There are 6 protein chains.
Amino acid sequence: MRGDGRESLQLRPVHIETNFIKHAEGSVLIAVGDTKVICTASIDDKVPPFMRGGGKGWITAEYAMLPRATEQRNIRESSKGKLSGRTMEIQRLIGRALRSVVDLDKMGEKTIWIDCDVIQADGGTRTAAITGAFVAMVLAFAKLLEENKVAEFPVRDFLAATSVGIDPQHGIILDLNYAEDSQANVDMNVVMTGSGRFVEIQGTGEEATFSRAELQEMLEAAELGIRQLIEIQKNVLGTLAEKIQYDAEERVKK
Amino acid sequence: MRGDGRESLQLRPVHIETNFIKHAEGSVLIAVGDTKVICTASIDDKVPPFMRGGGKGWITAEYAMLPRATEQRNIRESSKGKLSGRTMEIQRLIGRALRSVVDLDKMGEKTIWIDCDVIQADGGTRTAAITGAFVAMVLAFAKLLEENKVAEFPVRDFLAATSVGIDPQHGIILDLNYAEDSQANVDMNVVMTGSGRFVEIQGTGEEATFSRAELQEMLEAAELGIRQLIEIQKNVLGTLAEKIQYDAEERVKK
Amino acid sequence: MRGDGRESLQLRPVHIETNFIKHAEGSVLIAVGDTKVICTASIDDKVPPFMRGGGKGWITAEYAMLPRATEQRNIRESSKGKLSGRTMEIQRLIGRALRSVVDLDKMGEKTIWIDCDVIQADGGTRTAAITGAFVAMVLAFAKLLEENKVAEFPVRDFLAATSVGIDPQHGIILDLNYAEDSQANVDMNVVMTGSGRFVEIQGTGEEATFSRAELQEMLEAAELGIRQLIEIQKNVLGTLAEKIQYDAEERVKK
Amino acid sequence: MRGDGRESLQLRPVHIETNFIKHAEGSVLIAVGDTKVICTASIDDKVPPFMRGGGKGWITAEYAMLPRATEQRNIRESSKGKLSGRTMEIQRLIGRALRSVVDLDKMGEKTIWIDCDVIQADGGTRTAAITGAFVAMVLAFAKLLEENKVAEFPVRDFLAATSVGIDPQHGIILDLNYAEDSQANVDMNVVMTGSGRFVEIQGTGEEATFSRAELQEMLEAAELGIRQLIEIQKNVLGTLAEKIQYDAEERVKK
Amino acid sequence: MRGDGRESLQLRPVHIETNFIKHAEGSVLIAVGDTKVICTASIDDKVPPFMRGGGKGWITAEYAMLPRATEQRNIRESSKGKLSGRTMEIQRLIGRALRSVVDLDKMGEKTIWIDCDVIQADGGTRTAAITGAFVAMVLAFAKLLEENKVAEFPVRDFLAATSVGIDPQHGIILDLNYAEDSQANVDMNVVMTGSGRFVEIQGTGEEATFSRAELQEMLEAAELGIRQLIEIQKNVLGTLAEKIQYDAEERVKK
Amino acid sequence: MRGDGRESLQLRPVHIETNFIKHAEGSVLIAVGDTKVICTASIDDKVPPFMRGGGKGWITAEYAMLPRATEQRNIRESSKGKLSGRTMEIQRLIGRALRSVVDLDKMGEKTIWIDCDVIQADGGTRTAAITGAFVAMVLAFAKLLEENKVAEFPVRDFLAATSVGIDPQHGIILDLNYAEDSQANVDMNVVMTGSGRFVEIQGTGEEATFSRAELQEMLEAAELGIRQLIEIQKNVLGTLAEKIQYDAEERVKK
């Protein structure tokens, strides 16, 4: 039994509330245990300069924490005047992950801005952000489709993320909270699609290392968790989910 | 009748949810119509360098908006690397306003950090922030009192804020939403105490001016609104409100 | 009697020297007691991006202090690499105030850049800056008119500013110097037009509050001072003053 | 055959020149094909504030490219005034990787600053930086040991890194050059120890995904490459290598 | 005859007004033709960290231009958030020059902050700044002596600066104004002491070169000008000048 | 005999390795004793905004040090977020010096970006940078000529630089290393052309002064050194040198 009463391979309770922010084309509040993130998707009718004239779309993400999302208040990056390396790493990860399941050619020259703002943090903020941002992005694309601003639905597959790690006491554990994350020898974030393919694997042994067998076991745990997260996304998205599902299956057949 | 169906001197619906963020010593989510602000109060066991050794406490505030709080996505100040003049003006105002109803000498050498993060904006964000931040601050002081870290409750009076303005169509109106704010000739923010004294008056005629009579009428409208806001604060604070009430009345008698 | 021998409602000696800087289209050195500010008005033949194509002009202001304008040398904002909140607040105020008496439509797509540089500070620098900047701006418009770059004189009324406050010893006082400003419980800056209308009121109780009656009395004191300041502006501007006067009176009649 | 004549799983020629910079406690010039990186290790007799008093050491890394290391000149980060997300991600990775094979407790309160400056870039700069920085770090520790500033040699194992990827034409390939990196669907950086354990795995499908079987195959290719890199490190380090070897074997036995 | 009616080797009219800013320990307004600079000297009772404990004093300078000192308004360096290379070069030059005639050992651990703010520019701002700053600095040291905060007068010699150049039409000319400076092939700034020794020579051929003979002639012209500037300084400083004079002569004798 | 065994007027050994960086249009590694600088010349097909449409070319330079080029590691300017005054001064000097021997009209609207990165420092980095950058620039122009992107070779003369100084023990010395530079009373950098004309003279007495006779002697020493440096450049440049030589002689004849 883990500190919060969970089994080794048990996720925390997950809730996704859609249309949380009225102005955004897509938005959710995702809660993974006590980690809570507001994810919005905003449509911009142009692409970054380096992509202009190419006919393709772009998806980019920004990530931040409210100062008191954490146990100790942290200083705002706007006050410090620069983003930390951690923030930059996370926002690059979120953007890359989302782009992997979108057919950018079908978007036209538009940008989807994803904003993930952590309002309460208890470990796993980046994976919660990806899982929630996927839903916000789908909602924004649904709006574009409804308004005939894209010809086809450009989302090819589901996408969710979770963390796994090796705990000194409990061995391999799924979906680490903050206390567990601080103690783990190895910490791995996994992003996966609905069809079970990897998009991103980031495994890190902070002052520690891990074997191939341990890696294998961690990946299996992650897959287990991600399948459940995608079920939750499907429930939330309703008929939109069926549309993605269908596309993904068609793709696998080919 | 105003655009959203209100009378000239009618506030929007106001809700204050306390303890919204688990880590903060005090926190609320305040909604004034569609304007929603997370306000947290964090306790820091030291004061800024210029106050050290003086035995007094300090209260300081930071204010920000999520990028998609607004109709058009706005660029993060952390990405721009600097705070706008508007942000600085607002955070200085919030800090100053809160300090006016706190007996800093009774706090000891502590700082209360107030963070007001607008998650959805529809006009009046700075006044909603002040009204909500007051409640978050009271909760933090209650915690300090409970833990015997202050000897006396240092909050001397209630504090709330609202906006008034002169609308080309409806004349003087109370609690402007974003659409009204954009059209108003004159815009005034008023911060007031529970005993009806002014803490801050900021009246601005953007490409317009106003007479002494108009000023008078606006101040009366503001007072009307602020009294109602303070009633809502009292309901939310329960027995803590009685404590402040008592102190304020004692002070008036003297 | 106040510390410097003045009566409660007496202004400090005011001098305005025009054409102080040879390159600027309009310039003054204004001295209000020991507070000295160089104000220049520079004409720029374009407007900011957000206004292009609208046919209207724009007026914007910057404010700074020389490092040794103050009793203790202060660090340059160019060395710190960013503007303080105080500087931003003041420069936004100056720009807003000047725009309120100018018919931006009559300017064409031009920007007037106002620069207010305090070379010696003794309280009231922002109000001295507004009073001086108004004269510099009028001189720049006169030049535009002379060169037929505007069809009509776009200044609709006079504009000046002063401060009032509540002093623990002397009660309500006008035009606070630095020593008085440091001790005052309440500090209010008032910007007013020649026809006696308010443009901006900023009243602040730093760790204090004020009643409606006190507010009333402060506003009367401010009006008294501003009338005298406008007389001084009229003397300095000579025939240009008559032109503004005439326009303002015509407006009042309508 | 790949574009530059290599087999799929063949490394580029690797050269490591030690003591390349006379002032540094440890330094190398590492060339992996046309990628050339100067790595220095500098000893600092204190640790960062958050570690003071803990008795442990710290290793931190910085990474940069000369402006003309690349085919198109890139703008200096010192001119832009901030580090890119890519730079931050890489320098965090290098530091983390090196710390995983060092017994920080045996270092005492010292910091090793690793600087990796790419003077010519042709893909794989971050993995070349890790492989080279390990050697520079070992040389710096050797100097500390020689001068009796550490009691024991704190390096526990070898460490090297390489990249693997999936190429649309050649399938899984090892040690991608710039042209290959630009075309690959999947790109994975692997950091491994001399005893064959993972330290860091970062696999990314940019607008693509990968299966568990592909992951398996990529990891095997990476291991093959890293074993060769460690042989090269051993040759360069001579008797110092034997010392690390011995420690690593002892550790495995336990 | 030059554009403004001067002979080749004639200085512009020079005026130095002392005690121009009431708060500063030493201050002047220096006018060299239409170039006007406010120079203040501020005493700080500590030295920079790298000098602490050495018993010596330090002199450092900052230089800036008001935005409308020039014909075209220039953007404030505080708005740009960084100092230009030109500003940095000039302020390093002023500090270095002043330090060359002061016995830093006799100052004790104090810093003199020199601020040179150009309020109107017409060429030669850096040399006017040095000539004026010397006087401001002497006044500040006189104040320290008067208050017994230094035991001896630490200024060893006079110091002034001027520019010389090669003009396509008039050959070698002294004290270039802005129009001349823009056209000159060679531009040289010379800083010299009262006893005729060089402190700084900066000769630059912008897209041009100069011979040894031309150099010789320029240095003679500069010496001629500097002697006159030092006479003006002596008149302004009165009895203080005699003190420096005496010291300088004593030194030459030895 | 100097500390490193040299005579007073003896240069350190100088080596110039051309084509050191494969991507750059021109590049060298220059070693002057233990001072080593990588100089690259990059061609950009446009000029800065202020020069557009004028038909002329531009040459600009950037200068930096690797953190461990020096005995003590120095903090990266990219981490500090701004360039030091010293860096700015040096890069302005390098650009200005190179422009003086190039016929910008013959370049067409192109920019040559010069990057000088010091990888090991032992005094005289700015003069080594100029001497090396000249060769890199010539190589880049040779490439432009070869590809018919310039009609004529625009380099008019050779250019090299060295330092001279007055040492308390050895009197006037040539080409100061770091230890000598730290002790010298007077330090002068001289940039000269192949035809013996000055381009730049920067002589500085840090807390010291120098006479006209000393200046004369220093300039002769510098000329002696620069002649030798230009011989080395000629050897390295081979037939390209003859081309410049011829042009320079033709110019002298006229």
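Everything numeric in this text was worked out from a predicted model, so none of it was measured. Residue numbering restarts at 1 for every chain, and letters A, B, ... go by the order of the sequence lines.
With hydrogens and angles ignored, the 3.5 Å screen pairs no side-chain donor or acceptor of D:Arg92 with any backbone N or O of D:Ala61. Between the side chain of F:Arg6 and the backbone N or O of F:Gln10, at least one donor-acceptor pair lies under 3.5 Å. A donor-acceptor pair under 3.5 Å is absent between the side-chain atoms of F:Lys243 and the main chain of F:Leu240, judged by distance alone. For the pair D:Glu180 (side chain) and D:Asn177 (backbone), a donor-acceptor distance under 3.5 Å is present.
Heavy-atom distances place the side chain of D:Arg73, and not its backbone, under 4.5 Å from chain F. Residue F:Thr70 touches chain D through its backbone alone, counting heavy-atom pairs closer than 4.5 Å. Interface remark: D:Thr40 contributes side-chain atoms only to the contact with chain F (heavy atom separation under 4.5 Å). Only the side chain of F:Asp122 comes within less than 4.5 Å of a heavy atom of chain D; its backbone N, CA, C and O stay farther away. D:Asp34 touches chain F through its side chain: at least one heavy atom from C-beta onward sits under 4.5 Å away, while N, CA, C and O do not. Neither the backbone nor the side chain of F:Gln91 comes within less than 4.5 Å of any heavy atom in chain D. Only the side chain of F:Leu66 has a heavy atom closer than 4.5 Å to any heavy atom of chain D. Heavy-atom distances place the backbone of F:Cys116, and not its side chain, under 4.5 Å from chain D. Contacts between D:Asp117 and chain F at a heavy-atom distance below 4.5 Å involve the side chain alone, from C-beta outward. Proximity to chain D (any heavy atom under 4.5 Å) is restricted, for F:Ile38, to the side chain, taken from C-beta onward.
Within the 4.5 Å cutoff, no side-chain heavy atoms of F:Trp113 are placed close to those of D:Pro67.
The candidate with the highest count of non-hydrogen atom pairs below 4.5 Å against chain D, out of F:Glu62, F:Gln72, F:Lys36, is F:Glu62. Comparing F:Arg76, F:Glu71, F:Glu77 by how many heavy-atom pairs each has under 4.5 Å with chain D, the most go to F:Arg76.
Aromatic ring orientation, F:Trp58 versus F:Phe50: perpendicular (interplanar angle above 60°, classes split at 30° and 60°).
A cation-pi arrangement is absent between D:Lys106 and D:Phe153, since the terminal nitrogen or guanidinium carbon is not both under 6.0 Å from the aromatic centre and inside a 45° cone about the axis.
A salt bridge does not link D:Glu25 with D:Lys143: every distance from a Lys NZ or Arg NE/NH1/NH2 to an Asp or Glu carboxylate oxygen is 4.0 Å or more.
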